[in-house]
Amino acid sequence: MSTRDLGAETFESTVNEHEIVLVDFWAAWCGPCRQFAPVYERVSEAHPDIVFGKVDTEAEQSLSAAAGITSIPTLMAFKKGVLVFSQPGALPAPSLEQLVTAVRELDVDAALAAASSTAEERSA
């Protein structure tokens with residue numbers, strides 16, 4: 001599957017209805033965004049079971065603000081509707097592949113349980 005455009009009306013449902021979703025926040029005037037776009041597209045084609053979304057920060061200013069985007073490109077990864085990665089800057093293809101592997105291997109339920117347990121210990 002190639003990349004798909006996401007907007008305010010599709011972002012939440014896409015993140016919540018798919019196992020893994022990567023989202024590239026970008027703008028047409030951004031040089032690093034334009035350099036990252038073909039890398040992101042190629043990796044998306046190699047992983048048809050993952051949704052690779054793109055949010056145009058100029059067209060979707062309120063969505064970008066709600067996501068806390070302060071620098072572009074910013075890449076976010078969601079697993080089971082949970083944000084598991086967020087980092088500004090363009091990634092080279094090998095790093096993007098490593099991210100895909102890490103997100104695939106992440107047991108998000110165990111991570112959430114561990115975080116909950118740690119938070120309870122701190123408040124006790």
Side-chain angles (χ1 to χ4, degrees):
M1 171 184 288
S2 59
T3 60
R4 67 171 76 167
D5 293 330
L6 299 177
E9 63 286 340
T10 59
F11 185 86
E12 188 175 344
S13 62
T14 301
V15 165
N16 289 322
E17 293 172 7
H18 296 88
E19 177 79 11
I20 299 174
V21 179
L22 272 63
V23 182
D24 172 26
F25 288 84
W26 67 283
W29 53 262
C30 167
C33 298
R34 289 194 311 270
Q35 290 175 335
F36 180 58
V39 171
Y40 192 68
E41 185 72 32
R42 276 193 306 276
V43 173
S44 78
E45 291 169 357
H47 301 280
D49 59 316
I50 295 177
V51 174
F52 284 77
K54 295 182 70 71
V55 175
D56 179 346
T57 57
E58 291 295 309
E60 298 290 341
Q61 292 181 12
S62 60
L63 175 57
S64 300
I69 303 302
T70 58
S71 180
I72 54 172
T74 290
L75 184 62
M76 291 184 170
F78 297 85
K79 186 163 186 181
K80 295 185 176 180
V82 177
L83 177 64
V84 297
F85 177 88
S86 179
Q87 179 178 303
L91 294 176
S95 297
L96 184 53
E97 286 288 354
Q98 287 177 339
L99 174 62
V100 168
T101 299
V103 173
R104 279 190 197 283
E105 294 174 353
L106 176 67
D107 183 341
V108 73
D109 296 323
L112 289 171
S116 176
S117 172
T118 301
E120 288 173 11
E121 290 171 7
R122 286 189 193 142
S123 65

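These numbers come from a predicted model, not from an experiment. Scope of the values below: all heavy atoms of this structure, side chains included, with no hydrogens, waters or symmetry mates.
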With no hydrogens and no angle check, is any side-chain donor or acceptor of Glu60 less than 3.5 Å from a backbone partner on Ala8? yes
Any side-chain heavy atom of Ser64 within less than 4.5 Å of one from Val55? yes
Atom pair [atom1] ([X]) and [atom2] ([Y]), whose distance is rounded to the nearest 0.5 Å:
X     : Y     : atom1 : atom2 : answer
Ile72 : Phe36 : CD1   : CZ    : 12.5 Å
Ile69 : Ser86 : CD1   : OG    : 5.5 Å
Leu75 : Tyr40 : CG    : OH    : 6.0 Å

Taking all heavy atoms of [X] and all of [Y], pick out the closest pair and write down the distance.
X     : Y     : result
Cys30 : Pro73 : SG-CD, 4.0 Å
Gly53 : Leu6  : CA-CD1, 3.8 Å
Pro32 : Ala90 : O-CB, 4.0 Å

Sequence-distant partners of Gln61, side-chain hydrogen bond (donor to acceptor under 3.5 Å, both in side chains), two or more places apart: none
Pairs touching residues 82-96 that satisfy salt bridge (charged side-chain N to carboxylate O under 4.0 Å, His left out), sequence neighbours left out: none
Determine which pairs satisfy salt bridge (charged side-chain N to carboxylate O under 4.0 Å, His left out) with at least one residue from residues 66-83, sequence neighbours left out, and list them in order. Lys80-Asp109
Listed by chain and number, what are the salt bridge (Lys or Arg N to Asp or Glu O under 4.0 Å) partners of Arg34, not counting sequence neighbours? none
Do any pairs count as a ring pair (Phe, Tyr, Trp, His ring centres under 6.0 Å) and have a residue in [range], sequence neighbours left out, and if so which ones?
range           : value
residues 61-90  : Phe11-Phe78
residues 92-113 : none
residues 53-76  : none

For residues 93-103, which side-chain N or O atoms pair as donor and acceptor with protein atoms under 3.5 Å away, sequence neighbours left out?
{"unit_1": "Glu97", "atom_1": "OE1", "unit_2": "His47", "atom_2": "NE2", "d": "2.8"}
{"unit_1": "Glu97", "atom_1": "OE2", "unit_2": "His47", "atom_2": "NE2", "d": "3.4"}
{"unit_1": "Thr101", "atom_1": "OG1", "unit_2": "Glu97", "atom_2": "O", "d": "3.1"}

Side-chain atoms of residues 15-27: list all donor-acceptor pairs with protein atoms under 3.5 Å, sequence neighbours left out, distances to 0.1 Å.
{"unit_1": "Asn16", "atom_1": "ND2", "unit_2": "Glu12", "atom_2": "O", "d": "3.1"}
{"unit_1": "His18", "atom_1": "ND1", "unit_2": "Thr14", "atom_2": "O", "d": "3.0"}
{"unit_1": "Asp24", "atom_1": "OD2", "unit_2": "Lys54", "atom_2": "NZ", "d": "2.8"}

